[in-house]
Participant: 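I'd like to ask some things about the structure below.
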Amino acid sequence: MGLIPGDRVACTVGTTELSGTYITDRDGMHVVKLDSGYNIGVDPRRVILLERGRPAEQPDMDVVQDPSLPELAIISTGGTIASRIDYRTGAVTSQFTAADILRAIPGLAEIARFRTHVLATILSENMTPALWQEMARAVHDVIAEGVAGVIVTHGTDTMSYSAAALAFMLQSPVPVVFVGSQRSADRPSSDNVMNGICAAAAAVSELGEVTVVMHGTPSDDRCAIHRATRVRKLHTSRRDAFRSVESAPIGYVDYPSRTVSLADEAVRRGTRPLSLDDRLEPECGLLQFYPGMDPALIDVFSGYAGLVVAGTGLGHVSTACIERLGALVDAGTTVVMTSQCLYGRVCDRVYDTGRDLLAAGVIEGATMLPEVALVKLMCVLGRTRNRHEVVRLMQADMAGEILGRTPHGL
Amino acid sequence: MDFEEIGLVAGLEIHQQLDTACKLFCGCPTRIRPVEEHNGEFYRYLRATVSEMGTIDRAAEEEMKHIRRFRYLAYDSTCLVENDDEPPLPLNGEALEIALQISRSFGMTPIEQVHVMRKLVIDGSNTSGFQRTALVAVGGVLPNGGRVESICLEEEAAQRVEDACFSLDRLGIPLVEITTSPCLYTPEAVQETAAYIGMVLRSTGRVKRGIGTIRQDLNVSIRDGARVEIKGVQELDLLAEVVRREVRRQQELLAIRDELRSRRASVDEEPIEVTGLFRESGSAILKRAKVVLAVRLRGFAGLVGREIQPGRRFGSELSDYAKRCGVGGIFHTDELPAYGVTTEEVQALRAAVAAGEQDAVVIVAADSTKALCAIRQVIRRARLAFECVPEETRRMLEGGSSAYMRPLPGAARMYPETDVLSVTITPERWASVQAPELLVDRAERYVREYALSPATADQLVHSSMLPLFDRAVAAGVPPALAARTVLSTMKELSRDGVAIEAVGEEQVLAVLAGVRDGRAAKEAVPDLLQAIAGGATVEEALASLAPVVDPGDLRALVERVVQERISFVQERKMGALGPLMGVVMAEVRGSVDGKYLSELLRKALREALE
Ligand SMILES: [Zn+2]
């Protein structure tokens, strides 16, 4: 008879008899949580069932909502702001509903009332353009219904892509705040609580655009509010991994005071009317050029509607690659050049290879981050295939992605 | 005291830092740094999380009563793992190897698949809010018939610098935790067992030494008492006293319980605010306090002030509980009037809560939230006095008494460390693990093989210089010389103000090798070491101090010196002795006894003058 997680078992290690709870199997061993609290892996032949386990009761805490507070919507997509240990794999997985987030971060109830909507429970690396569209519609709908702000909980890996996608698809009169956590929510030191509180504070603030709100420093002292089209995850694990690239954050939320301070350039609540254009062309790619790259790799994108190239320096690829990019353009693919430098403006008018790229029909991506250019290209190509219109839109600022002036200082 | 009669049962939990190159879950060195060398700092809050069982641990819950902002100091020898800003690296194989050696020494069986757990600790000493720990082996035996229940491999916590400020240099140093079963029945047995376990640990030669590198936790209970854990006993010699004092404390608490029951004592449910009574008080604390709350303890008169351990009263226990809420302490009528509180104020206080002569009154002073939290804690602890000795984790105070820290943690505080893969200990790996030679066995071997005295051998094996001694003997240095050098010579030089710590192990070995090779007399070892401590290289020291001169050569040398200066000798006669002595001494560079040399020189002068 197979063991079920939660069963009471006895096991022997050498001559020592131990009792505990069967948890799972791992690499051929039964994992038993001993009464001391320790897990050990034991050969299944040395484990016997004592008693069938009873299903663990989930403590059900009611979430009390204060009717005098503004209403926020939490759109949940998964991610480590709401994670739990999965005993099948032993890994931390995202599987909480949005309501569980309220339970995990009790302080939220002091800031606002909440309605919650589970859009997905996925790790953010599994996010798709189709889900961006669903997300944009869901956010649009709750704003249309009158919420004071929207919080989107999201895994951090691709959060900036989703945030940029919403910024291009949705004009919002109220704050739309993306938030996640870098350190798992099951640890007492998790950044989920502070990020969640600061996100809610930003969502009821005077802000009126799509943003990412995450730790601003390694300390639990303040979160930065980043414009969705200028933010990038720049560290694999630190709490303050998110940075506004080549621009200052558009605001901060101090913790634990929850004081929100906004920069002058932050779009204010009510400035823009609500509107949604969720058309999107998903057949777009992103290619990072490297020295010696086989030009044939470019052909992989033949037939694509668009391709963003992260070139070197001012926006270059090898001479051998230029011809292939030209062929792509001639066949109808829109090709946009960005720079893997991340900081600075693409300028293909300085060197010969640059001028050749322009001659081949490649569009300069100005100050756009490569992945932001990709998301924007999907949106633009979803709206029009008119070559001149595409060029105009890609080079015009739609949502703060293109800086009119490149700031000095790095 | 007959400890068997009163049912004393004690167990030990010994934590020993390992001397590994790297920390348990990152590549940082296991080096303690002076606090002023920190090169970064950050601030964090910690909060208890719901465990896999869906409950919050009671110890963690207690810690949550007082949410604090913790400050952490980082160094150029710490990394993002200590900052809890990066996932841990795999379990340190060197540390596991040492833990397995120790397991072998106690005759234990290793766990087939070792899983790293997270033990909830939200007092700030771990940036993550948990301590990583893994059960490595179970089922060991002690020479007295007791049992070693388990060996765990754990990460060391951060060092508290002050209050809510912690230093990250210590966080993550590997520790072994050795837990005995409750198999010790006298205070002396506890101390002897701890000494034995310490000896086994040091036998590996791979554990850290010095203050704070080994800590003993005690579990003590008596019949009708309760299991109490006393943490952080650093001095081995105090262990027996700590046990004796805890026995007394539990006996006193039981006596207080019986007395309370016979007095039909009780504790009021609700505190009464008495802030106004102390507006003009001579006690600055009471006068300044935003709120003063009082609770009447009916029938407690005299018992709150009763001593339960040297320097500790029952009131101290109430006070410890109150302090969990961030107040400085309590006042109670068994100790009043005092501290600026007058007889009139005490009378007014008693009247305010309707307390009679047989009652005690406890007051706390703070802001309203803290005061209410604190007085509720006092009420809770006073109620417990009717039932039993509370199960607690306590910390040792100077001298051997103890103060309340938190409730005993439950199993709910453990959950899996999902960022670290489990480690399988295969039968082949276990078979390759050798138990180190125990230090007691080694001392016997030194007596047998090296003809050292038992006292010297014993001193050697417990000395931090043991590895140096072994290396010297392995290099062919006579054991007696090696022992004298590491045990006496170096200590004496240090006492005489020589910077002996500046002399490296390799240099000491080179000096001893010089003696072995006949390049220096063994009498020259102190001078050689002193010269090296003063900045000379080994070669320079040997060259300037050392030529060993045999008696024939010495005579020839003396005669040569006399002949070379014969006119001077004829002029000064025997008066040349002093000046020539200086010349000869310089030639032999101090390697020859001066008195012997002066005899030789005197004889040579006489012969030359004849
Ligand atoms: Zn480190």
Side-chain angles (χ1 to χ4, degrees), chain A residues 12-18 20-21 23 26-31 33-43 46 56-59 84-87 89-93 103-104 106 182-191 193-194 217-221 235-241 255-256, chain B residues 40-55 60 69-72 80 83-87 108-122 126-130 133-135 137-139 149-150 152 179 409-416 418-419 421-422 424:
Chain A
T12 48
V13 177
T15 56
T16 307
E17 301 258 345
L18 299 163
T21 307
I23 301 289
R26 176 86 49 81
D27 301 334
M29 301 275 182
H30 280 349
V31 178
K33 185 179 178 69
L34 300 177
D35 295 336
S36 62
Y38 281 96
N39 284 11
I40 60 171
V42 192
D43 188 316
R46 287 190 276 279
E57 279 173 37
Q58 284 303 322
R84 199 167 199 186
I85 298 153
D86 177 354
Y87 291 105
T89 62
V92 176
T93 53
R103 223 167 281 143
Q182 280 282 83
R183 308 298 291 138
S184 64
D186 55 66
R187 64 202 320 117
S189 58
S190 175
D191 51 339
V193 171
M194 176 174 136
T217 76
S219 290
D220 289 345
D221 54 2
H235 196 280
T236 58
S237 61
R238 269 168 66 154
R239 281 147 225 263
D240 57 341
Y255 185 84
Chain B
E41 62 175 60
F42 57 92
Y43 297 85
R44 295 275 169 76
Y45 298 89
L46 295 175
R47 69 179 47 236
T49 45
V50 174
S51 87
E52 62 190 21
M53 298 307 186
T55 53
R69 177 168 173 266
F70 299 110
R71 174 173 173 234
Y72 295 100
L80 284 184
N83 288 20
D84 190 48
D85 254 343
E86 182 176 303
M108 305 176 81
T109 307
I111 300 300
E112 294 167 274
Q113 192 183 51
V114 173
H115 289 249
V116 178
M117 306 297 291
R118 297 169 171 178
K119 189 192 283 181
L120 213 57
V121 181
I122 56 169
N126 288 69
T127 44
S128 56
F130 49 74
T133 175
L135 178 60
V138 295
E149 269 180 3
S150 63
C152 296
T179 307
R413 72 200 291 231
M414 300 267 244
Y415 63 113
T418 42
D419 297 342
L421 296 177
S422 56
T424 301

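Proteins get letters first, then strands, A, B, ... in listed order; numbering begins at 1 in each.
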Participant: Go through A/Val13 and B/Ile111 one step at a time and tell me if the side chain to side chain contact (heavy atoms under 4.5 Å, CB included) criterion holds.
Facilitator: CA-CA 7 Å; A/Val13 177; B/Ile111 300 300; 4.1 Å; yes
Participant: Would you say the side-chain atoms of B/Arg44 pair up with the backbone N or O of A/Pro218, donor to acceptor, closer than 3.5 Å?
Facilitator: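 Yes; judged by distance alone, with no hydrogens or angles, the pair exists.
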Participant: Based on non-hydrogen pairs under 4.5 Å, which of B/Ala137, B/Gly139, B/Ser128 is most in contact with chain A?
Facilitator: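 So the answer, after comparing B/Ala137, B/Gly139, B/Ser128, is B/Ser128.
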Participant: About how many Å separate OG of A/Ser190 and CZ of B/Arg47, when rounded to the nearest 0.5 Å?
Facilitator: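 Going from the CZ atom of B/Arg47 to the OG atom of A/Ser190 covers 10.0 Å.
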Participant: Using the test side chain to side chain donor-acceptor pair (under 3.5 Å), find all partners of A/Ser189 that sit at least two apart in sequence or belong to another chain.
Facilitator: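 With sequence neighbours excluded, A/Ser189 shows a side chain to side chain donor-acceptor pair (under 3.5 Å) to B/Asp84, given in chain and number order.
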Participant: What's the separation between atom CZ in A/Arg26 and atom CD in B/Gln113, rounded to the nearest 0.5 Å?
Facilitator: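 Result: 6.5 Å between the selected atoms.
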Participant: So, taking the atom named CG in A/Asn39 and the one named CG in B/Leu135, what distance separates them when rounded to the nearest 0.5 Å?
Facilitator: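 Going from the CG atom of A/Asn39 to the CG atom of B/Leu135 covers 10.0 Å.
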Participant: Can you tell which part of B/Pro110 gets under 4.5 Å to a heavy atom of chain A, answering side chain, backbone, both or neither?
Facilitator: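 Contact with chain A is through the backbone of B/Pro110 alone.
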Participant: Among A/Arg239, A/Arg238, A/Gln182, which residue satisfies the side-chain hydrogen bond (donor to acceptor under 3.5 Å, both in side chains) criterion with B/Asp85?
Facilitator: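 Of the listed options, the one satisfying the test is A/Arg239.
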Participant: Among all residues two or more places apart in sequence or in another chain, which pass the side chain to side chain donor-acceptor pair (under 3.5 Å) test with B/Glu86?
Facilitator: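 Counting only residues at least two positions away or on another chain, B/Glu86 forms no side chain to side chain donor-acceptor pair (under 3.5 Å).
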Participant: Should B/Thr133 and A/Tyr38 be marked as a side-chain hydrogen bond (donor to acceptor under 3.5 Å, both in side chains) after you check the CA-CA gap, both sets of side-chain angles, and the distance that decides it?
Facilitator: CA-CA 8 Å; B/Thr133 175; A/Tyr38 281 96; 2.7 Å; yes
Participant: Could B/Arg69 and A/Asp220 be called an ion pair, given the rule that one side-chain N must be under 4.0 Å from one carboxylate O?
Facilitator: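 Answer for the salt bridge query: no.
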Participant: Would you sort out whether A/Lys33 and B/Met117 count as a side chain to side chain contact (heavy atoms under 4.5 Å, CB included), showing the intermediate values?
Facilitator: CA-CA 10 Å; A/Lys33 185 179 178 69; B/Met117 306 297 291; 4.0 Å; yes
Participant: Would the distance check show the side chain of B/Tyr415 and the main-chain N or O of A/Asp186 forming a donor-acceptor pair, the cut-off being under 3.5 Å?
Facilitator: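 Such a contact is found between B/Tyr415 side chain and A/Asp186 backbone.
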Participant: Side chain to side chain contact (heavy atoms under 4.5 Å, CB included) for B/Asp419 and A/Arg187? Distances and angles first, verdict last.
Facilitator: CA-CA 12 Å; B/Asp419 297 342; A/Arg187 64 202 320 117; 3.8 Å; yes
Participant: Can you tell me which of A/Leu18, A/Asp191, A/Asp240, A/Val31 forms the most heavy-atom pairs within a distance under 4.5 Å of chain B?
Facilitator: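 Of the candidates given, the most pairs with chain B belong to A/Val31.
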Participant: Measure distances from A/Thr16 to the heavy atoms of chain B and classify the residue's part below 4.5 Å as side chain, backbone, both or neither.
Facilitator: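 For A/Thr16, the side chain is the part near chain B, not the backbone.
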Participant: To the nearest 0.5 Å, how far apart are CE in B/Met108 and OG1 in A/Thr15?
Facilitator: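 If we round to the nearest 0.5 Å, B/Met108:CE and A/Thr15:OG1 are 10.5 Å apart.
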Participant: Is there a side-chain contact between B/Leu80 and A/His235, using heavy atoms and a 4.5 Å cut-off?
Facilitator: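 Contact flag for B/Leu80/A/His235 side chains = yes.
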Participant: State, yes or no, whether a side-chain contact exists between B/Tyr45 and A/Pro256 at a heavy-atom distance under 4.5 Å.
Facilitator: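 Touching, per the 4.5 Å side-chain cut-off.
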Participant: Mind checking the OG-CD1 spacing from B/Ser150 to A/Ile40? Nearest 0.5 Å is all I need.
Facilitator: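 Result: 11.0 Å between the selected atoms.
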Participant: Given the options B/Asn83, B/Val116, B/Val138, which has more heavy-atom pairs under 4.5 Å with chain A than any of the others?
Facilitator: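 Heavy-atom pairs under 4.5 Å are most numerous for B/Val138.
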Participant: Can any side-chain N or O of A/Asp221 pair as donor or acceptor with the backbone N or O of B/Tyr43 at less than 3.5 Å?
Facilitator: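 Answer holds: no.
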